[in-house]
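Everything on this sheet refers to the single structure shown next.
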There are 2 protein chains.
Amino acid sequence: MKKNIKRAYCAVDYAFQRIGGKYKGRILWVLREGCLRYGELNRAVVGITPKMLTQTLKELESDGLIVRKVYLEVPPKVEYSLTDTGMELIPFISQMRSWGEKQMSAN
Amino acid sequence: MKKNIKRAYCAVDYAFQRIGGKYKGRILWVLREGCLRYGELNRAVVGITPKMLTQTLKELESDGLIVRKVYLEVPPKVEYSLTDTGMELIPFISQMRSWGEKQMSAN
DNA sequence: CAGGATCCCACACGATACTG
DNA sequence: CAGTATCGTGTGGGATCCTG
């Protein structure tokens, strides 16, 4: 629940460490409207490999931003969803996204 | 003004690429209230080396987020400040910071 | 279906010294 | 004061194959 973070001198640094990395932002973003299965995430986050998906999901989970729910079925089913803490990030990821869209079209 | 960005599939990705990196967030943040000189930045962004500071400032400048202003004096004087585009990021960095503070004290 | 295991590498970042 | 220049390294991420 905390120790991917190396040492946060300031809160800005801390926050960026927690949602940094190549895919964390996009994963949180696609989970904003509800839970998704592993395979669905794999398709939603274009370009990600199973390895990176698994790894990133683990980090997000141990960081308390998402929840992993396993259904004991055959075939296996696993769903991921945002925690309350994770949801608190959505508004600002949304802002970043708007800013990004504006910038992209401005170029 | 654009081509540090490799390929942005989506705006979230694009935005994260532009303010990703170990120091960009903090540099933008300390510049929020006005311009700072190179040496002041070096002290404000704790732990950064001259190399990384120079490198990061160049990236931010070529990305159109900050402006570099050189005064032709002896001794040399260089000031950095946010562009309008850079300033647009401050509100949401501020949000992240609040979130980070809350999280840090929660642990 | 949802991953684990390996091997590999570029590049982001660091340390140190030097300069117009 | 405001940077360059060099050299070195850790690890984030990629490719590929395997499995309960």
Side-chain angles (χ1 to χ4, degrees), chain A residues 3-10 12-13 16-28 30-31 35-63 65-81, chain B residues 3-9 12-13 16-28 30-31 35-63 66-81:
Chain A
K3 277 304 171 37
N4 304 14
I5 310 303
K6 325 210 167 177
R7 190 144 305 271
Y9 327 87
C10 85
V12 174
D13 214 35
F16 270 87
Q17 281 186 47
R18 255 175 105 157
I19 62 164
K22 194 166 180 179
Y23 301 107
K24 288 190 180 176
R26 278 158 75 196
I27 290 178
L28 293 171
V30 300
L31 285 175
C35 52
L36 289 176
R37 300 180 60 171
Y38 183 86
E40 294 173 324
L41 279 169
N42 208 10
R43 269 169 268 121
V45 182
V46 178
I48 199 169
T49 60
K51 175 197 164 185
M52 285 312 296
L53 180 56
T54 301
Q55 180 181 310
T56 308
L57 288 170
K58 276 183 182 165
E59 290 176 16
L60 289 171
E61 191 196 1
S62 80
D63 255 359
L65 300 181
I66 66 172
V67 167
R68 186 181 121 110
K69 182 168 186 185
V70 182
Y71 295 85
L72 291 176
E73 304 174 356
V74 178
K77 178 178 171 184
V78 182
E79 282 183 344
Y80 295 88
S81 56
Chain B
K3 276 303 173 35
N4 304 12
I5 310 305
K6 326 211 168 176
R7 191 146 303 273
Y9 326 87
V12 175
D13 215 34
F16 270 87
Q17 281 186 46
R18 255 175 105 161
I19 62 162
K22 193 166 181 182
Y23 301 107
K24 287 189 182 178
R26 277 158 76 198
I27 290 178
L28 293 171
V30 300
L31 285 175
C35 51
L36 288 177
R37 300 179 60 169
Y38 183 88
E40 293 173 326
L41 279 169
N42 207 11
R43 268 169 268 122
V45 181
V46 177
I48 199 169
T49 59
K51 175 196 164 184
M52 285 312 295
L53 180 54
T54 301
Q55 180 181 312
T56 309
L57 289 171
K58 277 183 182 165
E59 289 174 17
L60 289 171
E61 190 195 1
S62 80
D63 255 0
I66 66 173
V67 166
R68 184 181 123 110
K69 183 170 184 184
V70 182
Y71 294 85
L72 291 177
E73 304 173 357
V74 179
K77 177 178 173 184
V78 182
E79 283 184 344
Y80 295 87
S81 55

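The structure displayed is predicted, hence computed values, not measured ones. Within every chain, numbering begins at 1; the chains are lettered A, B, ... in the order of the sequence lines, protein sequences first and strands thereafter.
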If I compare all heavy atoms of B:V12 with all of A:G25, which pair ends up nearest, and what's the gap? CG1-C, 3.9 Å

Would you say D:dG14 has OP1 or OP2 under 4.0 Å from some side-chain N or O of A:Y23? yes

For D:dG3, does OP1 or OP2 lie under 4.0 Å from any side-chain N or O of B:R68? yes

Side-chain contact check for A:Y80: nearest option of C:dA2, D:dC1, C:dG3 is C:dG3

Taking the side chain of B:K22 as its heavy atoms from C-beta onward, which of D:dG3, D:dC1, C:dG14 lies nearest to it? C:dG14

Below 4.0 angstrom from OP1 or OP2 of D:dC1, is there any side-chain N or O of B:R37? no

Atom-pair distance (CD on B:Q55; P on C:dA15), nearest Å: 14 Å

Tell me: CD1 of A:I48 to P of D:dG13, nearest whole Å? 10 Å

Integer-rounded Å distance: C:dG4 P and A:L57 CG: 10 Å

Taking every non-hydrogen atom, the tightest pair across A:V46 and A:R26: O-NH2, 2.7 Å

B:P76 has a side chain; which of C:dC1, C:dG3, D:dA2 sits nearest to it? D:dA2

Taking atom P of C:dC13 as reference, at what distance in whole Å does atom CE of B:M52 sit? 5 Å

Would you mind classifying the nucleic acid contact of A:Y71 as base, sugar-phosphate or nothing, using non-hydrogen atoms under 4.0 angstrom? nothing

Exactly one of B:V67, B:L57, B:L60 clears side chain to side chain contact (heavy atoms under 4.5 Å, CB included) with B:Y80, and that residue is B:L57

Ignoring hydrogens, what is the shortest heavy-atom contact between B:K24 and B:R18? Give both atom names and the distance. CD-O, 3.5 Å

By nearest atom, which of the nucleotides C:dG3, C:dG4, D:dA2 is closest to the A:K58 side chain? C:dG4

Check step by step if side chain to side chain contact (heavy atoms under 4.5 Å, CB included) holds for B:E40 and B:V30. CA-CA 10 Å; B:E40 293 173 326; B:V30 300; over 6 Å; no

Distance below 4.0 Å between B:K51 side-chain N/O and C:dA17 OP1 or OP2: no

In whole angstroms, how far is the P atom of C:dA15 from the CG atom of B:N42? 13 Å

Can you tell me the distance, in whole Å, between the CG atom of A:L41 and the C1' atom of C:dA2? 11 Å

B:Y38 side chain N/O closer than 4.0 Å to the phosphate oxygens (OP1, OP2) of D:dT4? no

B:L36 CG to D:dG3 P: how many Å, rounded? 13 Å

Starting from P on C:dA12, measure out to CD on B:E59 and report it in whole angstrom. 8 Å

